[in-house]
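Notes follow once the structure below has been shown.
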Amino acid sequence: MSDIFLGADLGGSHIAVAAVNRQGDIVDKVEDPLTRAEDQDEIIRRIIHCFQKMRRKRQLRGKLNPQVGIGVNGVTDMERGIVVFSPNLKGQWRNVPLKKNLEAALRIPVAVANDVRAFTLAESRFGAGRGATNMVGIAIGTGIGGGLIIDGKLHTGLDTRGAELGHVIIDYNGPRCGCGSYGCVEAMAAAPAITGMAIGRIRQSAGSTLMYEFAEGDLNRVSPEVVARAAAAGDLAALEIMNKVGMYIGVAIASLLAALCPERVVIGGGVARAGEVLFDPIRRTLKKWVHTAPLRKIDVVPAELGTDAGVIGAAVWAMDHAER
Ligand SMILES: [Zn+2]
């Protein structure tokens, strides 16, 4: 019985490794906040340590499948297991052969995925995407990531570089994006853009918006969460920002619906925790801009698995590899 899979999630400030069963339940988990891990070699050592710690647990002994998975924040070659580039991880993450390094240390097969592809796999198999044959996954946080399930399978595209949905262009006159392009939805609707809009509005309003109050008068504490709270409390400036963000994301989704016509769009990530103040303008935007896809039959829903989606998705990626 080796029906439990280890899945790891490597983010900018933390690593988690969970033992996940075939029903998608987490049966055990270890985490490392990566404090004082300043370069990629140290971070890789910590990943190895977390995996080893889990593999040594008595209650998991004999139940673990040797295949493990890891989801990484950054551009990832999922076929070869190479982290091509990751601006959010500490150190120099350019063409790091993560699969090779981990396999050499752990002596077990390791499958590497991009973290939002892992999120999409998890939501599709065990979360808000259950039962959908075609699904779009979007995670909105510091950046915007994506994943696509097409005909029930994760779509990776040429060189596994597909589904970078944060770089769907919504304004060709728009601001420069971190990827080098202009007007990507990530450049206009991810956390830094939202915070920037909020700081601008606070400065204009001479402190009369609730956003200023919720940030305790400190512009460094302005965040998408502050904007969402103020919007939910009826603050007009905050509502205007959330409407704009929802419209940007909605326009990106409208293009995806035209191209793919999925039956479900699952939206997660920290920014999506705003709830209805974000989902309402997204849905209104879709009504205005979607005319070919049968919008009535397409559900746009919040993710269900929360921050666990990453580890669960990495374990699903391992399960899929074990069965190849
Ligand atoms: Zn971009």
Side-chain angles (χ1 to χ4, degrees), residues 1-35 37 42-74 76 78 81 83 89 98-130 137 139 145 147 149 153-154 266 268-270 303-324:
M1 288 295 283
S2 50
D3 270 349
I4 295 178
F5 290 80
L6 294 183
D9 184 24
L10 175 61
S13 58
H14 135 274
I15 166 125
V17 178
V20 180
N21 65 22
R22 285 192 187 267
Q23 289 71 48
D25 306 312
I26 292 179
V27 295
D28 207 338
K29 189 171 164 183
V30 293
E31 290 179 83
D32 180 341
L34 294 179
T35 36
E42 175 60 20
I43 291 171
I44 291 170
R45 270 196 291 278
R46 303 275 191 102
I47 299 168
I48 292 164
H49 179 73
C50 285
F51 272 123
Q52 281 167 338
K53 210 161 143 186
M54 288 297 271
R55 293 186 65 80
R56 277 199 297 265
K57 289 207 176 194
R58 188 168 300 158
Q59 66 270 32
L60 296 176
R61 207 164 285 164
K63 296 178 188 161
L64 287 177
N65 193 292
Q67 174 74 55
V68 302
I70 179 166
V72 183
N73 182 302
T76 309
M78 295 171 40
V83 181
L89 301 181
L98 186 62
K99 176 183 166 74
K100 212 173 112 197
N101 291 344
L102 295 181
E103 286 184 343
L106 295 166
R107 297 175 182 283
I108 48 174
V110 179
V112 178
N114 162 274
D115 60 346
V116 187
R117 249 69 91 207
F119 155 89
T120 301
L121 268 175
E123 290 290 341
S124 146
R125 210 69 62 85
F126 301 114
R130 270 190 319 273
I149 302 288
K153 281 207 294 248
L154 186 75
V266 175
E304 285 178 5
L305 302 174
T307 49
D308 284 334
V311 282
I312 296 172
V316 172
W317 191 233
M319 282 174 212
D320 290 358
H321 276 71
E323 265 136 43
R324 272 184 184 180

*Hey, could you give me the CG/CG distance between Asp320 and Leu121, rounded to the nearest 0.5 Å?*
6.0 Å
*Taking all atoms of both residues into account, what is the closest heavy-atom pair of Gly310 and Ala118, and its distance?*
O-CB, 3.9 Å
_Full working for side-chain contact (heavy atoms from CB on, under 4.5 Å) between Met54 and Val68_ = CA-CA 11 Å; Met54 288 297 271; Val68 302; over 6 Å; no
*Who passes side chain to side chain donor-acceptor pair (under 3.5 Å) against Asn73, sequence neighbours left out?*
Asn88, Asp115
*asked:* If I take atom CD1 from residue Ile47 and atom CG from residue Leu10, how far apart are they, to the nearest 0.5 angstrom?
replied: 4.5 Å
*If every non-hydrogen atom of Ala16 is compared with every non-hydrogen atom of Val311, which pair is closest and at what distance?*
O-CG1, 3.5 Å
*Just by modelled atom types, is the Glu304 backbone N or O under 3.5 Å from a matching donor or acceptor in the Glu123 side chain?*
yes
*Working to the nearest 0.5 Å, report the span between NE2 of His14 and OG1 of Thr35.*
11.5 Å
*Return the set of residues passing salt bridge (charged side-chain N to carboxylate O under 4.0 Å, His left out) with Glu31 (not counting sequence neighbours), or none when no residue passes.*
none
*asked:* Tell me the closest heavy-atom pair linking Val116 and Ala139, and the distance in Å.
replied: CG1-CB, 3.8 Å
*Residues in side-chain contact (heavy atoms from CB on, under 4.5 Å) with Asn65, at least two apart?*
Ser2, Phe5, Gln67, Ala322
Extract all donor-acceptor atom pairs below 3.5 Å that involve side chains of residues 99-108 and protein atoms in other chains or at least two apart in sequence.
unit_1: Lys99; atom_1: NZ; unit_2: Glu103; atom_2: OE2; d: 3.0
unit_1: Lys99; atom_1: NZ; unit_2: Val110; atom_2: O; d: 3.0
unit_1: Glu103; atom_1: OE2; unit_2: Val110; atom_2: N; d: 2.8

*asked:* Rounded at 0.5 Å granularity, tell me how far CZ in Arg125 sits from CD1 in Ile312.
replied: 12.0 Å
*Nearest 0.5 Å please: distance from the CE atom of Met319 over to the CG atom of Asn21.*
7.0 Å
*asked:* Quick check: do Thr76 and Leu98 have side-chain heavy atoms less than 4.5 Å from each other?
replied: no
*Ile43 versus Ile15: any side-chain heavy-atom pair under 4.5 Å?*
no
*Output the distance between atom CG (Leu6) and atom CG (Leu60), rounded to the nearest 0.5 Å.*
7.0 Å
*asked:* Run the side chain to side chain donor-acceptor pair (under 3.5 Å) test against Arg55 and tell me which residues pass, sequence neighbours left out.
replied: none
*List for me each residue that meets side-chain contact (heavy atoms from CB on, under 4.5 Å) alongside Ala314, sequence neighbours excluded, and say none if there are none.*
none
_Give me each pair satisfying ring-ring contact (aromatic ring centres under 6.0 Å, His included) with a member in residues 305-324, each pair once, sequence neighbours excluded._
Trp317-His321
_Least distance between heavy atoms, Val316 atom then Phe126 atom_ = CG2-CE1, 3.6 Å
*Just by distance, do the side chain of Asn114 and the backbone of Gly71 share a donor-acceptor pair under 3.5 Å?*
no
*Residues which pass salt bridge (charged side-chain N to carboxylate O under 4.0 Å, His left out) with Lys57, listed by chain and number, not counting sequence neighbours*: Asp28
*Of all residues at least two apart in sequence or in a different chain, which pass the salt bridge (charged side-chain N to carboxylate O under 4.0 Å, His left out) check with Lys29?*
Asp308
_Contact summary for Gly313 and Ala122, nearest pair of heavy atoms_ = N-CB, 3.4 Å
*Please report the shortest heavy-atom distance between Val17 and Ala8, naming the atom on each side.*
CG2-CB, 3.8 Å
*With sequence neighbours excluded, tell me which residues meet side-chain contact (heavy atoms from CB on, under 4.5 Å) with Glu323.*
Arg22
*With sequence neighbours left out, what residues match Arg46 under salt bridge (charged side-chain N to carboxylate O under 4.0 Å, His left out)?*
Asp32, Glu42
*Pairs flagged by ring-ring contact (aromatic ring centres under 6.0 Å, His included) wherever residues 49-73 is involved - sequence neighbours left out*: none
